[in-house]
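Indexing begins at 1, ligand by ligand and atom by atom, following the structure's order. Only this structure's heavy atoms are used, side chains among them; waters, hydrogens and symmetry mates stay out. In this text, all values refer to a predicted model and were calculated from it rather than measured experimentally.
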Amino acid sequence: MALSKDFLWGAASAAYQVEGAYDEDGKVPGIWDALSAGHVAHGDTGNVACDHYHRYKEDVALMKEIGIKAYRFSVSWPRVMSGPDTVNEKGLAFYKDLVAELKNAGIEPMVTLFHWNLPMWAHEEGGWRNPKVVDWFLSYAKVVVDALSGQVSRWMTFNEPACFIGLGYVTGGHAPFETLKAASMEEGMDDLVLLSKHVLLAHGRAVQLIRERAVLAPQVGMALNGALYEPKGSDEAAVKAAYDRTFPENPIFFDINWWADPAILGTLPNPMKGRITDEELMVICQKLDFFGYNCYQSSNYEEYAGPNPDVYPGMPRTAMGWTITPDALYWAARTFHARYGLPFLITENGMANLDFVMSDGKVHDPQRIEYMKGYISGLQRAAEEGVPVIGYTYWSIMDNFEWAEGYDKRFGLIYVDYRTQKRTLKDSAYFYADVIRKGGI
Ligand code: PNW
């Protein structure tokens, strides 16, 4: 089975990374607005970013020019809700307009409800530690679903809880830039499970809410990230060893099974046992329509756990320093489908490159083209072997605010000159246009 005719060839973004207009039309501050001073390269902020809030029509026209069929974007909670139950109609109107523009261009909108910029009013009340955050999230989700579900059918509740919990509250690299303060391992795990439980409960209840209220029949999932190990060799034992390494018996937040086992299988990983009740698990585990995965590299070559014998000097790397491992999407599709049995969607994949506008006025990015060829071929191979792969959304449609890295790291298909906001399609955008036209590599 090759890729289907209605395969979702897409590109992705997130509100805080592209919108700008940080204090316009009643938007209130989020944790990235208010807390990032001192934590981001060069003191960059998302105040203006790509000014997508004002330029979305131009951006949708460029998406249409590339020929993408789906655009995955996130709604900004602090733009839409100025308090737990206070709707900011002007902020909400932006998303209605964006969705209308996309539909007119024949592009399917795919909405992520939470891509990291928690409102400060929620953070000040304890954020993801306060059990009330689940109700706050639900009241926000209800507003968005009521406003957009007449036009939107594909929903993602959360983007990468591993990152906003792990980097946000444990390692401190992302907002709210906190590190785990615990007197013991037990206490640390209590805290980590508490934070994660609130995210999982908010996810489960949001899935129920979307199914109850949506106008168009909804397709609901999450966009997860986390460790993925490739087999070292092609025999069954190697495949099993990689599978076991990907789903450890005692996972932490950077393992997929920390999130997906409770949400999809309805089982608790060891560290959550005794910390989450059966009643809570019933809420967390809801039927999902797809497994969304954000994938940049396989974990075989990551060094976060210390020196790694598989990493060799001078390995191919992106501008993020991330290793280039083209088989990652193949193994991701196989491995996650084997465990969770859901249709598979790549919600993010892409690379940061040292792009600039060259003397001929163009942006030549052969490294990115090569990266996409390799990774997309792998995804195709998984589909040919029978894994139901439903789509691929490249990260990102355009260069944007790369969190703690600021604007240096360019992931886009579209180059953005931040002095003028001029957009230039990179060579990779033309390459992707061709892939989409042909329906594959
Ligand atoms: C994802 N890591 O973040 C996010 O969903 C995007 O907003 C982001 O721009 C993109 O990937 C590129 O970074 C990640 O440390 C952040 O492994 C950090 C990691 C992975 C993904």
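Using the six-membered ring where Trp is involved, Trp121 and Trp77 have ring planes that are perpendicular, over 60° apart on the 30 and 60° scheme. Ring planes of Phe177 and Trp32: perpendicular class, angle over 60° (limits at 30 and 60°).
For ligand 1, the polar-atom distance check finds an N/O of Trp403 within less than 3.5 Å of one of the ligand's N/O atoms. Residue Asn159 has at least one N or O atom closer than 3.5 Å to an N or O atom of ligand 1. Ligand 1 has a nitrogen or oxygen under 3.5 angstrom from a nitrogen or oxygen of Gln17.
Among protein heavy atoms, atom 17 (O) of ligand 1 sits closest to Trp322 CZ2, 4.3 Å.
Ligand 1 does not have Glu405 within reach: every non-hydrogen atom of the residue lies 4.0 Å or more from it. Using a 4.0 Å cutoff on heavy atoms, Cys163 counts as a contact of ligand 1.
Rounding to the nearest 0.5 angstrom, the gap separating the CE atom in Met63 from the OH atom in Tyr71 is 4.0 Å. If you take CG on Asn349 and CD1 on Ile376, they are separated by 7.0 Å, rounding to the nearest 0.5 Å.
Listed by atom number, the atoms of ligand 1 under 4.0 Å from Tyr296 heavy atoms are 10 (C), 11 (O), 12 (C). Each of the atoms 3 (O), 4 (C) of ligand 1 lies under 4.0 Å from some heavy atom of Trp116. Atoms of ligand 1 found under 4.0 Å from any heavy atom of His115, numbered from 1 in the order shown, are 4 (C), 5 (O), 6 (C), 7 (O). Atoms of ligand 1 found under 4.0 Å from any heavy atom of Asn294 (numbered from 1 in listed order, with element): 5 (O).
For Gln219 and Ser153, the side-chain atoms include no donor-acceptor pair closer than 3.5 Å. Donor-acceptor pairing under 3.5 Å is lacking for the side chains of Tyr375 and Asp327.
In the candidate list Glu402, Met320, Glu348, Glu160, Glu348 is nearest to atom 6 (C) of ligand 1, counting heavy atoms.
Within the structure, every pair that satisfies the salt bridge (charged side-chain N to carboxylate O under 4.0 Å, His left out) test and touches residues 339-348, not counting sequence neighbours, is listed here: Arg72-Glu348, Asp261-Arg339.
Classification of Asp355 and Arg368 as a salt-bridged pair holds, one side-chain N sitting under 4.0 Å from a carboxylate O.
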